Amino acid sequence: MAALNSNPSSPPQDDGVSLLAFKSEADPSNKLGYSVDKSSAVCKWQGVQCQIDGKVGRLVLENLNLAGVFAANTLSRLDQLRVLSLRNNSLTGPIPDLAGLVNLKALFLDHNYFSGGIPSSISTLHRLRTLDLSYNKLSGVIPVELSDLDRLNYLRLDSNRFSGSIPPLNQSSLQIFNVSINFLTGPVPVTPTLSRFGPALFSINPRLCGKIVRTECGSGGPFFGKNSTTNQPSSSPPVVASGQSAQVQPEIGGFTNSNSTKQKRLGLIVGFSAGLFLLVTSVLCIIMLIKTSEKKKRKSTVTKREMMEMAEAADAAAEVMRMEDANELEKKVRKLHQGIALKKSGNLVFYTGESQLYTVEQLMRASAELLGSGSVGTTYKALLDNGVILCVKRLDASRLAGTTNEAFQRHMEVVGTLRHPNVVALRAYFQAKEEKLLVYDYQPNGSLFSLVHGSKSTMAKPLHWTSCLKIAEDVAQGVSYLHQACSLVHGNLKSSNVLLGSDFEACLSDYCLSSLFHHLPDDGDGDPYKAPETGTDDEPTTKSDVYSFGVLLFELLTGKSASEQPDLLPDDVVKWVRSSRDSNGGGGMAEKPLEMITEVAIACTVRSPELRPTMWQVIKMLQEIKEAAIMEDCGIVTS
Ligand SMILES: Nc1ncnc2c1ncn2[C@@H]1O[C@H](COP(=O)(O)OP(=O)(O)OP(=O)(O)O)[C@@H](O)[C@H]1O
């Protein structure tokens with residue numbers, strides 16, 4: 001592969017012409033300083049990196065609020081382009097024919113307003129490894145020819161308007177995949193590749209069905225009830241939820257289940273993680289070698305200025321996207337809400353068609369297993385006589401004093417409509433004079449607390465950094481959903497309130513309850529997560545959630561519980577994180593990701609709430625850490 005060079009001799013005129021043609025249509029507000037007068041210095045233009053031969057090899061124009069169109073016959077003439085990223089802009093119109101980009105390896109067009117279909121020319125880009133078209137308004141079918149891209153290892157098409165069926169993608173190279181939040185229908189092809197991905201990556205598509213998404217085809221039933229792994233009708237085996245916990249996290253209720261399919265699934269998850277680990281660590285090793293001299297100059301501690309710069313870097317994009325995505329997300333949430341009906345059965349109020357799965361009598365007759373008691377009540381695993389497994393939280397009535405039945409009902413009717421892959425769904429609530437119950441999906445794989453600190457059957461050990469990153473991003477996505485789409489706060493974020501779903505995706509529980517409980521008692525466990533500005537009588541805020549998230553991130557990194565973490569971080573935080581990992585048996589973690597994730601945790605836990613990043617900025621930072629590794633895999637050294 002040709003090496004990239006940011007300062008070669010002037011490139012062939014053609015590339016400058018192509019860039020100017022692109023700018024003239026894509027950049028009506030003149031954010032890019034490209035001009036004919038400066039065409040001898042094209043390689044120094046914003047976002048441009050040239051190769052040794054002077055051709056443009058990489059064009060990264062992200063977060064610039066480019067608000068025009070990506071015109072045909074402009075960038076597609078850059079025949080030596082390896083990486084093209086126009087992500088996080090406001091580009092509209094169709095994606096043009098890209099057939100000329102014969103050397104393209106990574107294409108990021110996500111977080112724009114592109115409409116129309118995926119151009120068929122994309123499937124002729126045979127060197128393509130990364131394709132991210134997520135968060136656009138793209139429609140039409142997903143071209144079956146994408147299956148021909150046999151080097152593809154990253155494909156994100158989520159949050160668009162794609163319809164039709166999913167093509168039988170079966171590239172063994174495919175490691176990252178997401179088609180959630182579209183209008184896809186029909187059976188998901190059971191190829192070995194697609195079988196590796198969990199249902200969450202196909203979620204929020206109203207009529208997908210089949211083994212992979214665990215929904216029977218042909219029944220045409222209600223979306224939420226069908227898609228749930230726990231609230232399955234009795235025709236589907238309801239043991240999925242509990243059985244999956246057996247192999248890895250059997251601490252709750254001590255389930256045992258030696259089903260070989262599940263072992264295979266676990267094998268796949270472990271294999272996938274190991275593969276990803278090998279991929280990313282080798283990539284990071286290369287970065288470390290190349291950047292050794294640069295690194296020597298770096299301080300081992302992170303200054304306040306550096307972390308604020310990091311937050312600000314994400315800020316420009318985040319501010320624009322927060323507004324625009326909030327609108328998009330609002331629309332999606334509204335759409336989801338359309339499917340949610342409230343149905344009363346006595347004092348039990350069901351959401352989204354759960355009413356056919358159980359009655360209040362069945363719920364009351366269910367055999368209950370105590371899971372634990374927390375600050376707001378007692379939690380049970382309930383096994384219904386039709387095989388459905390649920391989680392029922394009995395709220396402590398004395399602690400609810402002061403909240404009227406009407407206020408409780410109004411609040412629950414908002415909270416019950418929340419639907420996100422990283423938020424445990426509230427499926428029903430029950431309200432009688434002396435009794436208030438909340439009915440949630442049962443999460444089969446225990447809590448993050450047990451995963452990090454061990455349980456009856458598992459050893460405590462800090463997680464591998466790829467798992468830290470995955471869990472952190474899941475949690476951040478869930479919290480950001482509450483903040484942005486619903487203007488709510490979690491209010492009680494901690495590792496015991498992060499549960500692991502059937503695909504080990506992290507899901508938030510116990511969210512949005514704090515406002516019902518005016519004085520949450522200190523239980524000696526929740527406190528260390530509490531932001532310093534939040535007194536006993538203060539309502540939690542989005543920024544106090546961010547603080548709790550930072551504490552949780554340190555917990556993930558170090559393996560130290562929140563109460564074991566120092567009140568004041570030491571001067572050299574990275575060193576502290578590393579030595580904590582080592583003493584907790586976490587072993588070596590690559591220097592770069594450890595530093596980068598630590599920086600995010602530091603930024604979240606600064607004492608002044610206004611200096612903390614938003615949850616959306618946190619997601620961007622975590623994604624940048626992940627994507628840096630992926631870009632490296634394309635042979636591109638990031639600065
Ligand atoms: N939906 C669920 N599925 C499976 N297990 C759950 C679910 N919700 C809670 N649990 C588990 O039940 C146990 C008790 O939870 P509970 O929420 O009552 O207390 P807590 O999380 O320890 O404290 P707090 O109330 O302060 O959040 C915890 O171990 C938790 O992981």
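As the structure is a computational prediction, the values presented were derived from the model and not from experiment. Both counts, for ligands and for their atoms, begin at 1 and track the order of listing.
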Does any N or O of ligand 1 fall below 3.5 Å from an N or O anywhere on [X], backbone included?
X: Asp441; value: yes
X: Tyr440; value: no
X: Tyr442; value: no
X: Thr378; value: no

Short list, please: which atoms of ligand 1 are under 4.0 Å from a heavy atom of [X]?
X: Ser447; answer: 31 (O)
X: Asp510; answer: 17 (O), 24 (P), 25 (O), 27 (O)
X: Asn492; answer: 24 (P), 26 (O), 27 (O)
X: Leu499; answer: 1 (N), 2 (C), 3 (N), 6 (C), 7 (C), 8 (N), 31 (O)
X: Lys393; answer: 16 (P), 17 (O), 18 (O)

Exercise for the section: Report the part of Leu371 (side chain from C-beta onward, or backbone N, CA, C, O) that has a heavy atom under 4.0 Å from ligand 1; answer both or neither where that applies. Expected result: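 For Leu371, backbone and side-chain atoms both sit under 4.0 Å from ligand 1.
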Practice task
Of the side chain and backbone of Ser496, name the one, both, or neither that has a heavy atom under 4.0 Å from an atom of ligand 1.
Solution key: both
Exercise for the section: Closest by any non-hydrogen atom to atom 23 (O) of ligand 1: pick that one out of Gly374, Ser373, Ser495. Expected result: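 Answer by nearest heavy atom: Gly374.
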Practice task
Taking the side chain as every heavy atom from C-beta outward, state whether Arg581 and Leu594 have any pair of such atoms under 4.5 Å apart.
Solution key: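 Yes - at least one pair of side-chain heavy atoms lies under 4.5 Å apart.
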Exercise for the section: Would you tell me whether Glu555 and Tyr529 have side-chain atoms, one donor and one acceptor, within less than 3.5 Å of each other? Expected result: yes
Problem - Side-chain (Asp474) to main-chain (Ala506) donor-acceptor, under 3.5 angstrom - result: yes
Handout entry: N/O donor-acceptor pair under 3.5 Å between Thr403 side chain and Leu516 backbone
Key =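 Confirmed, Thr403 side chain pairs with Leu516 backbone.
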Practice task
Answer yes or no for Lys436 and Tyr429: cation-pi contact, defined as NZ/CZ to six-membered ring centre under 6.0 Å and angle to ring axis within 45°.
Solution key: no
Exercise for the section: For the residue pair Phe202 and Phe177, categorise the inter-ring angle as parallel (less than 30°), tilted (30 to 60°) or perpendicular (more than 60°). Expected result: tilted
Handout entry: Check: Tyr481 ring centroid to Trp616 ring centroid under 6.0 Å
Key =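 No: the rings miss the under 6.0 Å criterion.
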Fill in the blank from the handout: Note: Thr598 and Phe554 closest approach over all heavy atoms is CG2-CE2, 4.2 Å
